[in-house]
Number of protein chains: 2
Amino acid sequence: MSPSLDPGQSPPSVAFLLSRLGYDASGEMGKALAGLGLELRQFGLLRLLASAQGGSQRALGAMLNITPNRMVALVDGLEAKGLIERRPHPEDRRAYTIGLTEAGAAAFGQAMQAAFGVEAAMCEPLEPEERAQLLGLLQKLAAARNARAGAVPGVHPGMLERDDQPSEH
Amino acid sequence: MSPSLDPGQSPPSVAFLLSRLGYDASGEMGKALAGLGLELRQFGLLRLLASAQGGSQRALGAMLNITPNRMVALVDGLEAKGLIERRPHPEDRRAYTIGLTEAGAAAFGQAMQAAFGVEAAMCEPLEPEERAQLLGLLQKLAAARNARAGAVPGVHPGMLERDDQPSEH
DNA sequence: TATTGTTATACTCTATAACTATA
DNA sequence: TATAGTTATAGAGTATAACAATA
């Protein structure tokens with residue numbers, strides 16, 4: 001976004017700047033992950049699994065706003081890489097339990113390193129205090145949104161999927 | 001993005017939060033524009049035309065990172081709505097000059113109003129001083145990026161197009 | 001020969017609805 | 001009957017390469 005009268009400048013709007021910078025952040029993150037052979041969405045699932053093991057494929061998909069049919073390909077892809085596993089669900093023979101493999105945990109660690117690299121590069125123009133300030137303000141905004149939305153917050157739908165809007169970015 | 005260990009929380013990372021909030025901002029902007037019968041990309045072109053009249057279709061596309069073939073449909077759509085016009089280029093009979101119509105200028109005004117509404121809603125959780133602070137920090141980041149990238153800055157590729165990364169939103 | 005707008009084709013991604021096996 | 005994962009089909013969106021008119 002950027003409804004400026006000057007095409008070369010972002011307008012003095014938080015929403016526009018967030019949109020622009022967030023898009024760039026996703027892009028750089030995607031590039032960094034591509035170097036590891038990972039896609040943004042794959043990283044999103046790894047990240048979720050690193051904190052929430054044991055969920056069914058469907059339950060994980062619900063948390064990521066990914067429909068069941070698309071979860072198949074996503075899980076297939078990571079399983080083919082040996083980063084995750086479909087394990088038999090202990091209570092439901094229809095379902096699988098998705099879990100990180102050792103290689104998957106290692107790959108996730110590398111991806112997080114890459115993410116921190118992107119973070120550092122993006123914040124490089126800011127003084128340390130400015131960066132802390134910005135972080136606090138963004139967290140406040142995000143917290144308010146999460147409280148409002150009520151559910152399924154935290155995971156950037158962009159790296160995963162969504163149910164309503166922007167796909168262009 | 002959001003490499004947190006807690007799937008319900010964004011991690012303390014500027015990049016992740018920017019990605020998440022920027023995605024939301026685009027989404028809300030898209031919704032607001034949809035109420036006016038406009039898409040994000042269409043708004044992007046209107047916005048550009050409001051400040052840079054007279055460019056050829058190709059030149060405009062270059063500024064928005066939209067390839068010539070896709071500019072055709074974009075211009076077609078807005079021309080069908082009567083918001084822009086293909087006018088004969090004064091110096092090159094192959095090219096057109098794209099210009100806002102009166103209706104287009106009015107629609108752009110309405111879209112800007114909608115954009116400001118989104119801005120206000122998004123910043124509602126912040127105190128006025130916080131908002132000003134956030135705006136300043138985001139502008140500093142954006143300015144540094146523009147200076148680095150060198151060219152074609154300011155316009156959120158997400159509402160338009162891109163040449164490398166995230167399309168998942 | 002290069003460039004403008006345009007079109008044609010193929011390819012990717014997604015959505016919707018079915019199917020199977022369990023519950 | 002409803003739900004897990006899966007598959008099939010169709011649709012939207014995009015990229016690539018061509019094309020006619022003009023430079």
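Letters A, B, ... are given to chains in the order of the sequence lines, protein chains preceding strands, and every chain is numbered from 1. No experiment lies behind these values; they were computed from the predicted model shown.
Contact check, A/Arg93 against C/dT20: no side-chain N or O comes under 4.0 Å of OP1 or OP2.
Here B/Met122 contributes atom CE and B/Leu134 contributes atom CG; the two are 9.0 Å apart, rounded to the nearest 0.5 Å. In this structure, CG in B/Leu18 is found 7.0 Å from CG in B/Leu141, a value given to the nearest 0.5 Å.
Across every non-hydrogen atom of B/Leu40 and B/Ser26, the tightest pair is CD1-O, 3.8 Å. Nearest approach of A/Leu38 to A/Ala111, heavy atoms of both residues: CD1-CB, 4.1 Å. What you find for B/Ala114 and B/Leu36 is that their closest heavy atoms are CB-CD1, 4.1 Å.
With hydrogens and angles ignored, the 3.5 Å screen pairs a side-chain donor or acceptor of A/Gln42 with a backbone N or O of A/Glu39. Checking side-chain atoms of B/Thr101 against main-chain N and O of B/Leu83 turns up a donor-acceptor pair under 3.5 Å. In this structure a side-chain-to-backbone donor-acceptor pair under 3.5 Å is missing from A/Ser19 to A/Ala15.
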Short N/O separations, protein against nucleotides 9-12 of chain D, under 3.5 angstrom:
none

Per-nucleotide protein contact along nucleotides 4-11 of chain C, 5' to 3', at a 4.0 Å heavy-atom cut-off (B base, S sugar-phosphate only, - neither), is BBBB----
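End-to-end axis angle of the helix from C/dT1-D/dA23 to C/dA23-D/dT1, from C1' rotation axes over five pairs per end: 10° (rounded to 10 degrees).
The interatomic distance linking A/Ile66 (CD1) with D/dG5 (C1') rounds to 15 Å, in whole Å. Following rounding to the nearest Å, B/Leu40 (CG) and D/dG13 (P) show an atom-to-atom distance of 13 Å. A straight line from CD1 of A/Ile84 to C1' of D/dG5 spans 14 Å, rounded to a whole angstrom. Atom pair A/Glu91:CD and C/dT22:P shows a separation of 17 Å (rounding to whole Å applied).
Judged as a salt bridge (Lys or Arg N to Asp or Glu O under 4.0 Å), and not counting sequence neighbours, A/Arg93 has no contacts. By the side chain to side chain contact (heavy atoms under 4.5 Å, CB included) test, A/Arg131 is found to be paired with A/Glu119, A/Cys123, A/Leu126, B/Val14, residues two or more places apart in sequence or in another chain being considered. With sequence neighbours excluded, the residues satisfying salt bridge (Lys or Arg N to Asp or Glu O under 4.0 Å) with B/Lys140 are A/Glu130.
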